[in-house]
Amino acid sequence: KGCRIIFYMRKKRIGISTSSPLLKTGFSKVGFEIAKYLYNTDKYEIYYLHHSLMDGDPNFNRFPWINQGALTPEIVNQEQWKDGGWQRTACYGNMQAHNFIVGNKLDTVILAEDIWAFHHDAYYNKDYFDFCKNNVIVWTTCDSKPILGAFKDWVDRCPNVLFWTKFGVTELKKENAERFKNLDYLYGCINTNNYQIINNGERNELRKRFNISDDTVLFFTCNRNQLRKLYPSNIEALARFKRQFPNIKAKMHFHTSWSEWGDHGGWDLNRIREEQGLAVE
C-alpha cells in the first residue's frame with residue numbers, strides 16, 4: 001500500500017561503425033555529421049566505433065558521444081596481425097563487431113564503409129546476427145558495375161542495404177527484381193554550412209595564386225586514385241578537348257594522389273598524361 005513503481009525509459013541506442021572523424025576520409029566526414037546530427041536531437045545515445053584506431057584513444061574525448069576503437073592491444077598482439085589482409089579486416093572493426101553491437105545492446109547499427117570492410121565471419125555468419133539484422137543498416141559505396149557482385153551476399157542476408165548511388169540499385173534490380181527488392185540508395189551527406197559561394201575578389205585571388213588566368217576553363221576531378229576510377233578517360237577527354245578547341249585555354253585539376261599507383265593499385269597518371277601530350281603545372 002502506498003508503493004509506487006516508476007519506469008525509466010532509456011534513450012534508443014544508435015551505433016555507427018565507420019572511419020574515425022579523427023582521420024581524413026569521406027566516410028569519416030559523413031560519420032561525424034550523422035553522429036553530430038543525431039546527438040544534437042537529444043533523442044538517442046550515440047555509440048561510435050572508430051575504424052583503424054586503438055580503443056581508449058585520448059582524442060576520443062573530443063566527441064560527446066560514447067566512443068570505442070576498432071583495435072585493442074589483444075588484437076594487435078595476435079600472430080595474425082602480421083598478415084596484411086587480417087590486419088586490414090581488424091582495422092575495419094570486425095574483431096569488435098559482436099562486442100560493439102551486442103555488448104552495448106544497440107537498437108540500431110549503421111555500418112558505413114566499402115562493402116568488403118564488413119567481413120561475413122564477423123556479421124552474417126554469426127548466430128547473433130539473425131537476432132539483430134532487421135536493425136542493421138549497411139550504407140555502402142557502389143561506384144562501378146564490375147564490383148556489383150561483391151554486394152549480393154550482403155543484400156541476401158541483410159534487409160537494409162543502401163548504396164550511395166542509384167545506378168547500382170537499378171542494375172541489380174534489373175538482374176533480379178525479387179531478390180534485390182529491399183535494396184535502395186541514399187546519397188552521402190554533407191554539412192552545407194561548411195560551403196559558401198566566394199566573391200569575385202576571392203575567386204580572382206585563388207586563380208592568381210595557382211597561375212590560372214581569367215580566361216582559362218578549369219575542369220575538376222576528385223577521387224582516390226584507384227583502377228576502378230576511370231582517370232585515363234578524364235585525361236584523354238582533356239587532350240581531345242584541347243585538340244578540338246585549340247583557341248580555348250583549358251586545364252584539369254586533379255584532387256588526388258599522383259603517387260598512388262603500382263603496388264597501391266592506382267593509375268600511373270604521369271605516364272598517361274605524357275602519352276596524351278599534356279603538360280603538368
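These numbers come from a predicted model, not from an experiment. Along the sequence shown, residues carry numbers from 1.
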Peer 1: Is the number of heavy atoms from other residues, nucleotides or ligands within 6.0 Å of CZ (Arg240) greater than 12?
Peer 2: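 No, CZ of Arg240 has 12 or fewer neighbouring heavy atoms, counting only those of other groups under 6.0 Å.
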Peer 1: What heavy-atom pair brings Asn234 and Met252 nearest, and what distance separates the two atoms?
Peer 2: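 Answer, listing the atom of Asn234 first, then Met252: O-CE, 3.5 Å.
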Peer 1: Ring centres under 6.0 Å, that's the criterion: do Phe163 and Phe151 meet it?
Peer 2: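 Yes: the rings meet the under 6.0 Å criterion.
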Peer 1: What's the verdict on side-chain contact (heavy atoms from CB on, under 4.5 Å) for Leu148 and Cys142, showing C-alpha distance, side-chain angles and the deciding distance?
Peer 2: CA-CA 7 Å; Leu148 282 175; Cys142 176; 3.5 Å; yes
Peer 1: Has the side chain of Thr216 got a donor or acceptor atom that lies under 3.5 Å from a matching backbone atom of Ile212?
Peer 2: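 It does not hold such a pair.
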Peer 1: Could you pull out the closest heavy-atom pair between Val30 and Cys189, with the gap in Å?
Peer 2: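 Nearest heavy atoms, Val30 then Cys189: CG2-O, 3.6 Å.
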Peer 1: How many angstroms lie between atom CG of Asp107 and atom CD1 of Ile101, to the nearest 0.5 angstrom?
Peer 2: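 Spacing of CG (Asp107) from CD1 (Ile101) equals 12.0 Å.
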Peer 1: Can you tell if the side chain of Lys36 reaches within under 4.5 Å of the side chain of Ile46, non-hydrogen atoms only?
Peer 2: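 No, their side chains stay 4.5 Å or more apart.
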Peer 1: Surrounding CG of Asn176 (heavy atoms of other residues, nucleotides or ligands, distance under 6.0 Å), is the total greater than 12?
Peer 2: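 Yes, because the 6.0 Å sphere around CG of Asn176 holds more than 12 heavy atoms from other groups.
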Peer 1: Looking at every heavy atom in both Arg273 and Leu278, which two are closest together, and how far apart are they?
Peer 2: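 That closest heavy-atom pairing would be NH1-O, 2.6 Å.
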Peer 1: Can you check whether Arg271's main-chain N or O pairs, donor with acceptor, with Glu274's side chain at less than 3.5 Å?
Peer 2: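 No, the answer is negative, given that no donor and acceptor are paired below the 3.5 Å cut-off.
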Peer 1: Is a donor on one side and an acceptor on the other found under 3.5 Å between the side chain of Asn204 and the backbone of Asn200?
Peer 2: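 Side chain of Asn204 to backbone of Asn200: a pair is present.
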Peer 1: Is it true that Asp114 and Thr141 share a donor-acceptor pair across their side chains at a distance under 3.5 Å?
Peer 2: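 Asp114 and Thr141 do have a side-chain donor-acceptor pair below 3.5 Å.
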Peer 1: Could you tell me which non-hydrogen atom of Ala70 sits nearest to which non-hydrogen atom of Ser52, and how far apart they are?
Peer 2: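 Taking Ala70 first and Ser52 second, the nearest heavy atoms are CB-N, 3.8 Å.
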Peer 1: Is the CD atom of Gln196 crowded by more than 12 outside heavy atoms at less than 6.0 Å?
Peer 2: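 No - once you tally the heavy atoms of other residues, nucleotides and ligands closer than 6.0 Å, there are 12 at most.
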Peer 1: Quick one: are His253 and Phe219 in side-chain contact, heavy atoms under 4.5 Å?
Peer 2: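 They are not in contact (no side-chain heavy atoms under 4.5 Å apart), so the answer is no.
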Peer 1: When rounded to the nearest 0.5 angstrom, what is the spacing between CG in Asp215 and NZ in Lys249?
Peer 2: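 It is 4.0 Å, given to the nearest 0.5 Å.
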Peer 1: Walk me through it: do His255 and Thr221 pass the test side chain to side chain donor-acceptor pair (under 3.5 Å)?
Peer 2: CA-CA 6 Å; His255 190 77; Thr221 182; over 6 Å; no
Peer 1: Are Trp65 and Leu22 linked, directly or through other ILVMFWY residues, by side chains that come within less than 4.5 angstrom of each other?
Peer 2: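 Yes, it is one cluster - the side chains of Trp65 and Leu22 are joined through contacts under 4.5 Å.
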Peer 1: Could you give the distance from OG1 (Thr18) to CG (Leu49), rounded to the nearest 0.5 Å?
Peer 2: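 Going from the OG1 atom of Thr18 to the CG atom of Leu49 covers 9.5 Å.
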Peer 1: Using the ring pair (Phe, Tyr, Trp, His ring centres under 6.0 Å) criterion, which residues pair with Tyr123? Sequence neighbours excluded.
Peer 2: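 By the ring pair (Phe, Tyr, Trp, His ring centres under 6.0 Å) rule, Tyr123 matches Phe118, Trp154.
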Peer 1: Surrounding CZ of Arg207 (heavy atoms of other residues, nucleotides or ligands, distance under 6.0 Å), is the total greater than 12?
Peer 2: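 Enclosed: over 12 neighbouring heavy atoms sit under 6.0 Å from CZ of Arg207.
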Peer 1: Counting distance only, does the side-chain N/O of Thr140 pair as donor-acceptor with the main-chain N or O of Glu113 below 3.5 Å?
Peer 2: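 Judged by distance alone, yes, a pair lies under 3.5 Å.
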Peer 1: Does any non-hydrogen side-chain atom of Gln96 lie less than 4.5 Å from one of Thr72?
Peer 2: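 Counting from C-beta outward, Thr72 and Gln96 do come under 4.5 Å.
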Peer 1: Are the side chain of Asn225 and the backbone N or O of Trp267 linked by a donor-acceptor pair below 3.5 Å?
Peer 2: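 Flag set: sc Asn225 to bb Trp267 pair under 3.5 Å.
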Peer 1: Examine Tyr48 and Leu106 and state if one hydrophobic cluster contains both, with Ile, Leu, Val, Met, Phe, Trp and Tyr joined whenever side-chain heavy atoms are less than 4.5 Å apart.
Peer 2: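 Shared cluster, no.
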Peer 1: For Asp55 and Asn67, work out which heavy atoms get closest and say how close.
Peer 2: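 Result for this residue pair: OD1-O, 4.4 Å.
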Peer 1: Indicate yes or no for a side-chain donor-acceptor contact from His51 to the backbone of Cys91 under 3.5 Å, with no hydrogens or angles considered.
Peer 2: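 The answer is no, because no donor-acceptor pair under 3.5 Å joins these two groups.
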Peer 1: Verify the neighbour count for atom OH of Tyr37: are there more than 12 heavy atoms of other residues, nucleotides or ligands below 6.0 Å?
Peer 2: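 Counting other residues, nucleotides and ligands, OH of Tyr37 stays at 12 neighbours or fewer.
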Peer 1: Side-chain contact, heavy-atom cut-off 4.5 Å: Leu111 with Val136?
Peer 2: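 Yes; the side chains approach each other to less than 4.5 Å.
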Peer 1: Kindly say whether Ala250 contributes a backbone atom to a donor-acceptor pair with the side chain of Lys242 at under 3.5 angstrom?
Peer 2: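 Such a contact is found between Lys242 side chain and Ala250 backbone.
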Peer 1: Please evaluate residues Tyr231 and Ile272 with respect to the criterion side-chain contact (heavy atoms from CB on, under 4.5 Å), reporting the C-alpha separation (whole Å), side-chain torsions for both, the decisive distance (0.1 Å), and the verdict.
Peer 2: CA-CA 9 Å; Tyr231 273 123; Ile272 299 169; 5.8 Å; no
Peer 1: Is Asp57 reaching over with its side chain to a backbone N or O of Leu53, donor-acceptor style, under 3.5 angstrom?
Peer 2: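 Side chain of Asp57 to backbone of Leu53, a donor-acceptor pair under 3.5 Å: no, none is there.
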Peer 1: Counting only heavy atoms not in Asp127, do more than 12 sit closer than 6.0 Å to its CG atom?
Peer 2: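 At most 12 heavy atoms, drawn from other residues, nucleotides or ligands, come within 6.0 Å of this atom.
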Peer 1: Quick test of your reading of the model: are Arg10 and Glu45 salt-bridged, counting only N-O distances below 4.0 Å?
Peer 2: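 No salt bridge links Arg10 with Glu45.
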Peer 1: Would Phe167 end up clustered with Phe180 when hydrophobic side chains under 4.5 Å apart are linked, directly or stepwise?
Peer 2: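 Cluster IDs for Phe167 and Phe180 differ.
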Peer 1: Please say whether more than 12 non-hydrogen atoms of neighbouring residues, nucleotides or ligands are located less than 6.0 Å from NZ in Lys126.
Peer 2: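 Not buried by this count: 12 neighbours or fewer within 6.0 Å.
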Peer 1: Would you confirm whether Ser28, through its side chain, and Leu23, through its main-chain N or O, come within 3.5 Å as a donor-acceptor pair?
Peer 2: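 Between the backbone of Leu23 and the side chain of Ser28 there is a qualifying donor-acceptor contact (under 3.5 Å).
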Peer 1: Look at Glu178 together with Lys181 and state whether they make a salt bridge at an N to O cut-off of under 4.0 Å.
Peer 2: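 The answer is yes: the pair qualifies as a salt bridge.
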Peer 1: Hey, quick one: are Trp139 and Tyr39 part of the same hydrophobic cluster, counting side-chain heavy atoms closer than 4.5 Å, chains of contacts allowed?
Peer 2: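 Yes, Trp139 and Tyr39 fall within the same hydrophobic cluster.
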Peer 1: How close do Thr89 and His119 get, counting heavy atoms only, and between which atoms?
Peer 2: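 That closest heavy-atom pairing would be CG2-CB, 4.2 Å.
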Peer 1: Say you draw a straight line from CG of Leu186 to CG of Asn160; how long is it, rounded to the nearest 0.5 Å?
Peer 2: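 Reported value, rounded in 0.5 Å steps: 12.0 Å.
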Peer 1: Are the side chains of Tyr124 and Asp153 in touch, meaning some heavy atoms are under 4.5 Å apart?
Peer 2: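 Result yes, sub-4.5 Å side-chain heavy-atom pair found.
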Peer 1: To the nearest 0.5 Å, how far apart are NE2 in His120 and CZ in Arg157?
Peer 2: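 It comes to 9.0 Å.
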Peer 1: Between Met54 and Val76, does the side-chain contact (heavy atoms from CB on, under 4.5 Å) criterion hold? Intermediate values first, please.
Peer 2: CA-CA 9 Å; Met54 290 291 293; Val76 301; 4.1 Å; yes
Peer 1: Would you find more than 12 non-hydrogen atoms of other residues, nucleotides or ligands less than 6.0 Å from Lys11 atom NZ?
Peer 2: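 Yes, NZ of Lys11 has more than 12 neighbouring heavy atoms, counting only those of other groups under 6.0 Å.
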Peer 1: Less than 6.0 angstrom separating the ring centers of His50 and Phe60, yes or no?
Peer 2: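 Distance test on ring centres: under 6.0 Å, yes.
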Peer 1: Give a yes or no on whether Ile34 and Ile66 share a hydrophobic cluster (residues Ile, Leu, Val, Met, Phe, Trp, Tyr; joining criterion: side-chain heavy atoms under 4.5 Å apart).
Peer 2: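 In one cluster: no.
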Peer 1: Taking 4.0 angstrom as the limit, do Lys152 and Asp156 come out as a salt bridge?
Peer 2: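 No, Lys152 and Asp156 are not salt-bridged.
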Peer 1: Can you tell me how far CG of Leu71 sits from CE of Met95, rounded to the nearest 0.5 angstrom?
Peer 2: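 CG of Leu71 is found 9.5 Å from CE of Met95.
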Peer 1: Where do Leu238 and Ile235 land on the side-chain contact (heavy atoms from CB on, under 4.5 Å) test, with the steps shown first?
Peer 2: CA-CA 5 Å; Leu238 177 63; Ile235 298 174; 5.8 Å; no
Peer 1: Please check if the side chain of Arg13 supplies one atom and the backbone of Tyr47 the other of a donor-acceptor pair under 3.5 Å.
Peer 2: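 Checked: no pair found.
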Peer 1: Hey, could you give me each pair passing ring pair (Phe, Tyr, Trp, His ring centres under 6.0 Å) that has a residue in residues 187-211? Not counting sequence neighbours.
Peer 2: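 Qualifying pairs, neighbours excluded: Tyr185-Tyr187.
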Peer 1: Does the side chain of Val109 come within less than 4.5 Å of Cys132's, by heavy atoms?
Peer 2: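 Side chain of Cys132 against side chain of Val109, heavy atoms only: no contact under 4.5 Å found.
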Peer 1: Between Glu171 and Lys174, does the salt bridge (charged side-chain N to carboxylate O under 4.0 Å, His left out) criterion hold? Intermediate values first, please.
Peer 2: CA-CA 5 Å; Glu171 289 297 321; Lys174 190 185 304 182; 3.5 Å; yes
Peer 1: Could you give me the CA-CA distance, side-chain angles and deciding distance for Thr25 and Ser19, then say whether side chain to side chain donor-acceptor pair (under 3.5 Å) is met?
Peer 2: CA-CA 7 Å; Thr25 73; Ser19 186; 3.0 Å; yes
